[in-house]
> 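After the structure tokens below, expect a handful of questions from me.
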Amino acid sequence: MKHGFIKLAAAVPDVHVAAPMKNAAEICRLIDRAYDEGVRVLVFPELSLTGYTCGDLFLSDGLLDGAEKALLTVAEHTAGKKMLVFAGLPLRVNDRLYNCAAAICDGEILGITPKTAIPNYGEFYEARHFSVPSGGEVAVLRNGEEEYYIPLSHGVYVCREVPELAVGAEICEEMWTAGSPSEKLAADGATVIVNLSASNETVGKDEYRRTLVKAASGKCVAAYVYCDAGEGESSTDSVFSGHCMIAANGTILAENEPFGGAELLTAVVDLAHLRHDRRKMNTWKGGVSASPSFSLDLCDTDLAGLLNPRPFIPSEGERDAVCRRIFDIQVAGLVKRIKAAHASTCVIGLSGGLDSTLALLVTREAMQKLGRDPRDLIALTMPCFGTTSRTKSNAETLGALFGTRFRTVDIKESVDLHFRDIGHDAADHSVVYENAQARERTQILMDIANAENGLVIGTGDLSELALGWATYNGDHMSNYGVNGGIPKTLVRVLVAWYADTFGDGLRTETEDGEVRTLGGVLRDILDTPVSPELLPPKEGEIAQKTEDLVGPYDLHDFFLYHYVRWGESKDKIAREAKAAFAGTFDGETVEKWLNTFFRRFRTQQFKRSALPDGPKVGSVALSPRGDWRMPSDAEADE
């Protein structure tokens, strides 16, 4: 449970209808299996000790006696196993019958939760057998001469060893109704909601059920374990599919497909993430109320295969829709800014690299939406000491493909003159040598924009902002930064998506007669090493490779996501990165670049505090006007 990770599970036993002791044996078997697999919160379906489909047998004393005996048997079986288990059963209390969820841990019945939403429509007729609790009641369970008095309540069970783990239960229909118990449970501090359910299968019901589980977990900022009755239930009038789901904060983490036959569904949940978001949301109303407690056997959760090494990247099936939406956000933001500024033109420094390419694609579509002439987009390539023929050629070809007003402004002479003016030796390739080029380019862009009543479109991305990998008052500055909310790994995906989607639509012929398509140029740019090209090339090839200097962007974007999105500690991020990138980067490499990330992120806030405007596109953003505010002189070491 270190760092807040805990393994949750939903178990679907092979139910024997109206045979409590057989069901108890099956439940005990699954408890053993789940415990051995590191599960620490385990949920069984509604009325799992008897079966949901017993009908009028629920009024039989024999069945009810058997259910109580089965519950005590299961409780005894958990002795020595510090794992929280929820099982369903019918329970007599004061001459009334309730549909209940029993919470069990280490041989003890911690509490009983009665169902309050009793459906009596369609195929459901629970009100024929079960009552709505009136409150303040106590169940009396007898085991031989011993009696156990257990209050009935929608209580929250808090783990003594891991106080972030607080668990509450609701039962089936309660999730489907307005004002569900889960909302109060979450307000009372529950970070995990379990639902013991018996939801029969009809066409389309699985999707509706899935929507409700996602919504319940998101609304409650909680993990939600939904455990549905399986195919062992009676099929007299309804069929049950064992459709189980585990969600966290609006996202399905794991799911049993209906009729899939799986008996145990598990997922690892990060409780610290849930607590983080509750602290962050000033609209969150709640706190931990006085609650029964329990103990767990602590174990270190294995993170292998659980963490996405590229958290900003959409899945293959979602790529087109997500990339289109991100692109639309960028375009819409720029369209508004152009209109508000009454700008006649847009001016872009086109290097032939990834970031400026994405900015060009966005700006071109924005100008098209506004009905502007392609030549209202002014693209400049500004070669200097580090420019290679490859990037220069790609920039020229992109400008030609889109019909821009393309200009080449060689800045070598201007930069040499500047070096002479300030007394800098051009053979000294220090930060002065590099930054002078970036600032000269920005000056040219700004002055041309002034002359053309234009906006300078910023090209820097979110990863560069995080690392401070930009020249202050150089490429750091623009009139509107369309890429400022997009990390480097996602920039690459967006350009690749554009190449795949629109790449065959445009072609041009170069001076030497070569025919180049938009897709071909974009893919060559994707294959070009990321570089600011501020140092002279070696044998015509790029000498200054960004990832050799600051580290792999795959790692830095992972660090960025977990630090800014979740506020995680350095040691937790290190643990996660080592698990996520096992086989790609060794532990020493992860630690090296993590130290670089933290040092640069903490010392480069002064650049982020002076950022130009730009659209937010995801859950991680660094605008000082929106998502991220920190002092520029904070200590570099945590």
Side-chain angles (χ1 to χ4, degrees), residues 307-313 351-359 385-388 390-391 394-395 429-431 433-435 437-438 459-471 474-476 483-496 522-564 570 573-574 576-578 580-604 607-608 620 622:
L307 293 158
N308 182 0
R310 306 181 78 199
F312 292 112
I313 306 306
S351 68
L354 273 173
D355 290 342
S356 65
T357 296
L358 179 58
F385 312 123
T387 304
T388 61
R390 179 181 186 179
T391 55
N394 282 336
H429 293 175
S430 64
V431 68
Y433 181 88
E434 296 185 32
N435 286 349
Q437 298 171 65
T459 63
D461 64 55
L462 183 66
S463 304
E464 293 176 342
L465 298 177
L467 295 169
W469 191 250
T471 298
D475 55 319
H476 155 261
N483 294 340
I486 303 177
K488 184 75 79 178
T489 50
L490 185 54
V491 170
R492 182 173 295 279
V493 170
L494 285 164
V495 173
L522 294 179
R523 291 184 183 95
D524 191 62
I525 290 169
L526 287 163
D527 288 339
T528 304
V530 176
S531 172
E533 291 195 320
L534 296 173
L535 297 179
K538 294 180 179 178
E539 299 179 356
E541 299 295 327
I542 292 172
Q544 187 185 26
K545 297 179 181 179
T546 299
E547 292 183 289
D548 291 345
L549 301 171
V550 297
Y553 276 114
D554 274 352
L555 282 176
H556 282 308
D557 283 357
F558 184 91
F559 303 152
L560 172 65
Y561 178 79
H562 285 270
Y563 185 55
V564 174
K570 192 174 180 181
I573 296 173
E576 291 171 326
K578 289 171 186 177
F581 291 97
T584 304
F585 299 109
D586 59 30
E588 184 178 348
T589 301
V590 168
E591 295 275 2
K592 171 187 173 181
W593 295 121
L594 180 59
N595 288 332
T596 296
F597 172 83
F598 268 83
R599 175 178 57 81
R600 293 193 66 96
F601 188 91
R602 303 275 288 202
T603 59
Q604 298 295 301
K607 295 179 182 177
R608 298 189 290 269
V620 174
L622 294 175

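Here the structure is a predicted model, which is why all the values come from computation and not from measurement.
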> Just by distance, with hydrogens left out, do T471 and E434 show a side-chain donor and acceptor under 3.5 Å apart?
no
> Could you give the distance from CG (L490) to CG (D557), rounded to the nearest 0.5 Å?
8.5 Å
> Is any side-chain heavy atom of Y553 closer than 4.5 Å to one of T546?
yes
> Looking only at non-hydrogen atoms, find the nearest pair between S463 and P487 and report the distance.
OG-CA, 3.4 Å
> Give a yes or no answer on whether the side chain of N483 reaches the backbone of T459 with a donor-acceptor pair at less than 3.5 Å.
yes
> Quick one, V530 with R492, criterion side chain to side chain contact (heavy atoms under 4.5 Å, CB included). Give me CA distance, side-chain angles, the key distance, then yes/no.
CA-CA 10 Å; V530 176; R492 182 173 295 279; 3.9 Å; yes
> I'd like to know whether R310 forms a side chain to side chain contact (heavy atoms under 4.5 Å, CB included) with N308, so could you lay out the CA-CA distance, the side-chain angles of the two residues, the decisive distance to 0.1 Å, and finally the verdict.
CA-CA 5 Å; R310 306 181 78 199; N308 182 0; 4.0 Å; yes
> Any donor-acceptor pair under 3.5 Å linking the side chain of H556 with the backbone of L467?
no
> Can V620 and F312 be said to form a side chain to side chain contact (heavy atoms under 4.5 Å, CB included), step by step?
CA-CA 9 Å; V620 174; F312 292 112; 3.8 Å; yes
> Check whether any side-chain N or O of K578 sits under 3.5 Å from a backbone N or O of G587 as a donor-acceptor pair, and report yes or no.
no
> With side chain to side chain contact (heavy atoms under 4.5 Å, CB included) as the criterion, how do D554 and F581 come out once you've worked through the C-alpha distance, each side chain's angles and the decisive distance to 0.1 Å?
CA-CA 9 Å; D554 274 352; F581 291 97; 4.1 Å; yes
> Measure across A574 and L594 and return the closest heavy-atom pair with its distance rounded to 0.1 Å.
CB-CD2, 3.6 Å
> Would you name the heavy atoms of P309 and F558 that are closest together and state the gap between them?
O-CD1, 3.7 Å
> Would you kindly check if the NZ (Lys) or CZ (Arg) of R608 is within the cone defined by 45 degrees around the ring axis of F601 and under 6.0 Å from the six-membered ring centre?
yes
> Indicate the atoms forming the closest heavy-atom contact of G468 with K607, along with that distance.
O-NZ, 2.8 Å
> Among D355, L462, L494, which residue satisfies the side chain to side chain contact (heavy atoms under 4.5 Å, CB included) criterion with I486?
L494
> Over all heavy atoms of both residues, which pair between Y433 and Q437 is shortest? Give the atoms and the distance, please.
O-NE2, 3.0 Å
> F598 and ring pair (Phe, Tyr, Trp, His ring centres under 6.0 Å): which partner among W593, Y563, F559?
Y563
> Should E541 and R390 count as an ion pair when the cut-off is N to O under 4.0 Å?
no
> Spell out, as yes or no, whether a donor-acceptor pair under 3.5 Å connects the side chain of Q604 to the backbone of W469.
no
> Test side-chain hydrogen bond (donor to acceptor under 3.5 Å, both in side chains) on D586 and T589; report intermediate values, then the result.
CA-CA 5 Å; D586 59 30; T589 301; 2.7 Å; yes
> Please tell me whether E533 and S351 have a donor and an acceptor in their side chains that are separated by less than 3.5 angstrom.
no
> Give me the atom names and distance for the closest heavy-atom approach of A438 to D475.
CB-OD1, 3.9 Å
> At what distance, to the nearest 0.5 angstrom, does CG of N394 lie from OG1 of T357?
7.5 Å
> Out of curiosity, I573 CD1 to L555 CG, how far, rounded to the nearest 0.5 Å?
12.0 Å
